[in-house]
**Q** 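Below is a structure I'd like to ask you about.
Letters A, B, ... are given to chains in the order of the sequence lines, protein chains preceding strands, and every chain is numbered from 1. Just so it is clear, the structure is predicted and the values come from calculations on it, not from any experiment.
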2 protein chains.
Amino acid sequence: MKRLTLEEIGQIAGVSRSTVSRVINGHPNIRPAVRQRVEDVIRQTGYQPNSAARSLASSQSRVFGLVMPSLMQSAFADPYYPMVIQAISHACNQHDYTPALFLFQTLEEEEKTSQRIVASGMIDGLIVTADTIESTFVSKIQQYDIPFVQIGRPLQSSIAEISYVDVDNEAGAYLAASHLIQLGYRRIGQLATAHNIAGAHRDAGFRQALADRSLPVDESLIEVSDFSEAGGYDAMRALLERGPEAVFAHSDAIALGAIRAIRDRGLKTPNDIAVVGFDDMPLAASADPPLTTVRQPIYRTGTLAVETLIDIVKTSPAPARHIVLPVELVIRASSGAVN
Amino acid sequence: MKRLTLEEIGQIAGVSRSTVSRVINGHPNIRPAVRQRVEDVIRQTGYQPNSAARSLASSQSRVFGLVMPSLMQSAFADPYYPMVIQAISHACNQHDYTPALFLFQTLEEEEKTSQRIVASGMIDGLIVTADTIESTFVSKIQQYDIPFVQIGRPLQSSIAEISYVDVDNEAGAYLAASHLIQLGYRRIGQLATAHNIAGAHRDAGFRQALADRSLPVDESLIEVSDFSEAGGYDAMRALLERGPEAVFAHSDAIALGAIRAIRDRGLKTPNDIAVVGFDDMPLAASADPPLTTVRQPIYRTGTLAVETLIDIVKTSPAPARHIVLPVELVIRASSGAVN
DNA sequence: CTGAAAGCGCTAACAC
DNA sequence: GTGTTAGCGCTTTCAG
């Protein structure tokens, strides 16, 4: 079962290799009868073009890199990334692209590997999830002329020239905080995430909601957490000392940790302290109590990242694309709005 | 900043392209002075060989495919897969391989995409996590002559010719059950996973432990669950009707769900019902109560899968490699062995 | 509308 | 030890 070549397919079909190539690549101007014949041979032989030869001749690999820079390992505990990855994988399959995965655990690994991949022509474009403020990865790849889209919003300083797909974190936080305010809570805390841009936006939305009702922000009611359940637990324990009536958590995992901390303290959610999360992960609905949360379209984010990248690759050079997806508030029991 | 070629590097260094190629590929028999000169030029220019040309000439892509066949989406909720992926990614980076990710949500997607990748020569080898008994993916790729290793044990029927990396599920379950028996529990239940080979092995180990103490297995104390926390919750609720004194759960997520079900029923772990899990995920230690569980080396599994595959690719054709990693019982509060 | 021919950038005999 | 040369299998002008 030796692998066939274009030439051989041509021989069988009685045409030249150029014609076979044209058929495969969907060129117009092929006599229908010929096209038919060639397609039949391809189907019968199960022929698949050699991808290395294709890349070499066309300087297109049809491979996208999916990059998650340093320190993502912990974040991997959050189901957010698995979900994005699934979406990206599916979209790539759909469009005959192959997603290559690059996770970096150290800066050294990032340096060495990224150098290898961007310069070897192995990759047509990059999807980067670089939400950490400190990450320098994006500014590094900007120097190469490889197309890329970022998931999450870039730093303000370079936002104009970078394509991204993000959700409206600010509006989501605004919704969450407004909801709590409307329910009558006043001492509203925040379990916030630092070092990431989404967190900054959520914080801004939160503050805006309070400001719009002329409510002061009590800085002592803001605790910083990582994205884990355990982080939320610890942060909430600290916050408990200062007697908040309600908290807005920057992720569902954090919110779940907070609820556990509240329970461990002998208090109840939402009766004693109301909780709102962010994400609307599957477990939010089945939590105890079910979690009021800001739903963000995670899967759609991944899909759009791929589609945007394809678009950029196709029309490059192109102006940067900026996509911000809407979010919605899902009201459940944990905020005290429903029994 | 046009991309350089071997030829040009050779020109700069004053040697032929072959010599440069030899230097890059670490051939012996190069005059040290020449090697030095060439390496300097490469470093200074930041030259990276074109990977398509390399693949074409050498028929080696240095890309591995990481395949997760159908129905994995739900399993993705389990932190097991993210952890394996991280390990694989890291090991690939280490060895200058690129991991390409293939998740399949439908059989059709699996069919189309796998056909494309195995036949196009884009991939040197495959790492397959096909633990579902029903999966036909492995038997399909066996027909191509592409090297692959499976994570988890293959079906008995084809185990001889397939390379795999697995953990000793049977021994782990045996350890868990024996632990409970030694603590004096007799009505020991199981929250089992169906349709997967690891689950079958864990079930076997569980039964063996009982058999070795001449204890009967009460089939009514075995409930089937999926791998999620919610699944464990539901299964435990059902099991509660039949009054088990202890349960062995097939994963930590399931165990956590079970503990929640026990608590919701107004009972306590381990006082009323002891619980043992499997995996030793990070959250097992911080659970309430901390979870007694069987620790399996997930990260190591991924690393070994890559290293085994590299070994196979290098020495192909080669006899199948069978690696079974040991597990250990981690005793914490949930089994009632420590206060 | 189709074929011939010239590469794409590299590896690997084969010479010397 | 190092250079010369012939492909790897495809895309893409250029003819006709």
Side-chain angles (χ1 to χ4, degrees), chain A residues 2-39 41-42 45-63 96 116-124 314, chain B residues 2-39 41-42 45-63 96 116-124 314:
Chain A
K2 187 226 160 203
R3 214 154 272 167
L4 293 171
T5 69
L6 258 198
E7 190 71 52
E8 296 168 314
I9 297 294
Q11 231 138 54
I12 300 175
V15 296
S16 79
R17 77 152 138 243
S18 319
T19 301
V20 181
S21 173
R22 291 192 184 100
V23 169
I24 288 175
N25 294 301
H27 282 218
N29 304 347
I30 308 272
R31 198 143 35 94
V34 174
R35 177 186 298 279
Q36 191 54 250
R37 192 145 35 93
V38 173
E39 279 172 348
V41 174
I42 290 177
T45 56
Y47 169 75
Q48 282 288 343
N50 177 297
S51 68
R54 252 186 152 174
S55 305
L56 183 58
S58 68
S59 41
Q60 275 201 67
S61 65
R62 295 200 77 89
V63 174
D96 289 330
R116 181 167 62 86
I117 54 183
V118 302
S120 70
M122 173 201 283
I123 263 167
D124 286 349
K314 210 172 342 192
Chain B
K2 187 225 162 203
R3 213 155 273 168
L4 294 171
T5 70
L6 259 199
E7 190 71 53
E8 296 167 315
I9 297 295
Q11 231 139 54
I12 300 175
V15 296
S16 78
R17 78 154 138 239
S18 319
T19 301
V20 182
S21 172
R22 290 191 184 100
V23 169
I24 288 175
N25 294 301
H27 282 220
N29 304 348
I30 306 271
R31 198 146 30 100
V34 174
R35 178 187 298 279
Q36 191 55 250
R37 191 145 37 93
V38 173
E39 278 172 349
V41 174
I42 290 176
T45 55
Y47 168 75
Q48 282 289 343
N50 177 296
S51 68
R54 251 183 154 179
S55 305
L56 183 56
S58 68
S59 42
Q60 276 202 65
S61 65
R62 294 200 78 88
V63 174
D96 289 330
R116 181 167 61 86
I117 53 183
V118 301
S120 70
M122 172 200 284
I123 263 167
D124 286 349
K314 212 175 332 190

**Q** Answer yes or no: is there a donor N or O on one side and an acceptor on the other, between the side chain of B:S61 and the main chain of B:M122, under 3.5 Å?
**A**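 Answer holds: yes.
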
**Q** Counting only side-chain heavy atoms from C-beta out, which of D:dT13, D:dC10, D:dT2 sits nearest to A:R22?
**A**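 So the nucleotide nearest the side chain must be D:dT13.
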
**Q** Specify the separation, in whole Å, of atom CD1 of B:I30 and atom C1' of D:dG3.
**A**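 The distance from CD1 of B:I30 to C1' of D:dG3 comes to 12 Å, rounded to the nearest Å.
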
**Q** Once you round it to whole Å, what is the distance between P of C:dC1 and CD of A:Q36?
**A**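 So the two atoms are 16 Å apart, to the nearest Å.
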
**Q** OP1 or OP2 of D:dT2 versus the side-chain N and O atoms of B:N29: is any pair under 4.0 Å?
**A**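 No, no such contact exists.
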
**Q** Could you state the atom-to-atom distance from CZ of B:R37 to P of D:dT2 in whole Å?
**A**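 After rounding, the gap between these two atoms is 9 Å.
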
**Q** Starting at atom CG of B:L4, determine the distance to atom C1' of C:dG9, rounded to an integer number of angstrom.
**A**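 Rounded to the whole Å, the gap is 12 Å.
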
**Q** Please tell me which of the listed nucleotides, C:dT2, C:dG9, D:dT11, lies nearest to the side chain of A:V34?
**A**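 So the nucleotide nearest the side chain must be C:dT2.
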
**Q** CG of A:N25 versus C1' of D:dT13: gap in Å, rounded?
**A**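 Result: 15 Å.
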
**Q** Report yes or no: does A:S120 contribute a side-chain atom to a donor-acceptor pair with the main-chain N or O of B:Q48 at less than 3.5 Å?
**A**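 No.
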
**Q** Using heavy atoms and a sub-4.0 Å distance, could you list which residues of residues 9-21 of chain A are near DNA chain D? By number, please.
**A**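 Heavy-atom cutoff 4.0 Å gives A:R17, A:S18, A:S21.
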
**Q** Between B:Y47 and B:L4, which heavy-atom pair has the shortest distance, and what is it?
**A**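 Minimum heavy-atom separation between B:Y47 and B:L4: CE1-O, 3.5 Å.
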
**Q** Would you call B:V20 and B:V41 a side-chain contact if the rule is heavy atoms closer than 4.5 Å?
**A**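 No, side chains not in contact.
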
**Q** Could you tell me the separation between the CG atom of A:L56 and the C1' atom of C:dC8, rounded to a whole number of Å?
**A**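 Going from CG in A:L56 over to C1' in C:dC8 covers 4 Å.
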
**Q** Starting from the C-alpha separation in whole Å, work towards a yes-or-no answer on side-chain contact (heavy atoms from CB on, under 4.5 Å) for A:R54 and A:N25.
**A** CA-CA 11 Å; A:R54 252 186 152 174; A:N25 294 301; 3.0 Å; yes

**Q** Whole-Å distance between C:dC10 C1' and B:I24 CD1?
**A**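 Atom-to-atom, B:I24 to C:dC10, this comes out as 9 Å.
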
**Q** Measuring to OP1 and OP2 of D:dC10, would you say a side-chain N or O of A:Y47 lies under 4.0 angstrom away?
**A**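 Looking at the OP1 and OP2 atoms of D:dC10, one of them is under 4.0 Å from a side-chain N or O of A:Y47.
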
**Q** Does B:I24 reach the side chain of B:L6, with side-chain heavy atoms less than 4.5 Å apart?
**A**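 Of all side-chain heavy-atom pairs linking B:L6 with B:I24, at least one is under 4.5 Å.
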
**Q** For B:E8 and C:dC8, what is the distance between atoms CD and C1' respectively, to the nearest whole Å?
**A**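 Rounded to whole Å, this separation is 13 Å.
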
**Q** C:dG9 phosphate, OP1 or OP2: any side-chain N/O from B:R54 under 4.0 angstrom?
**A**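 Checking C:dG9 against B:R54, no side-chain N or O comes under 4.0 Å of OP1 or OP2.
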
**Q** Is there a donor on the side chain of A:R3 or the base of D:dG9 sitting less than 3.5 Å from an acceptor on the other?
**A**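 Absent.
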
**Q** Quick one: does B:T5's side chain get under 4.5 Å of B:N50's, heavy atoms only?
**A**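 SC-SC contact between B:T5 and B:N50 ruled out.
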
**Q** Taking the nucleotide of DNA chain D with the closest heavy atom to each, which residue, B:P32 or A:H27, is nearer the 5' end?
**A**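 Comparing both residues, the 5'-ward one is B:P32.
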
**Q** A:L6 has a side chain; which of C:dC10, C:dC8, D:dT11 sits nearest to it?
**A**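 Among C:dC10, C:dC8, D:dT11, the one nearest the side chain of A:L6 is D:dT11.
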
**Q** Taking 4.0 Å as the cut-off, does a side-chain nitrogen or oxygen of A:N50 come that near to OP1 or OP2 on D:dG9?
**A**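 A:N50 to D:dG9 OP1/OP2: no side-chain N or O under 4.0 Å.
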
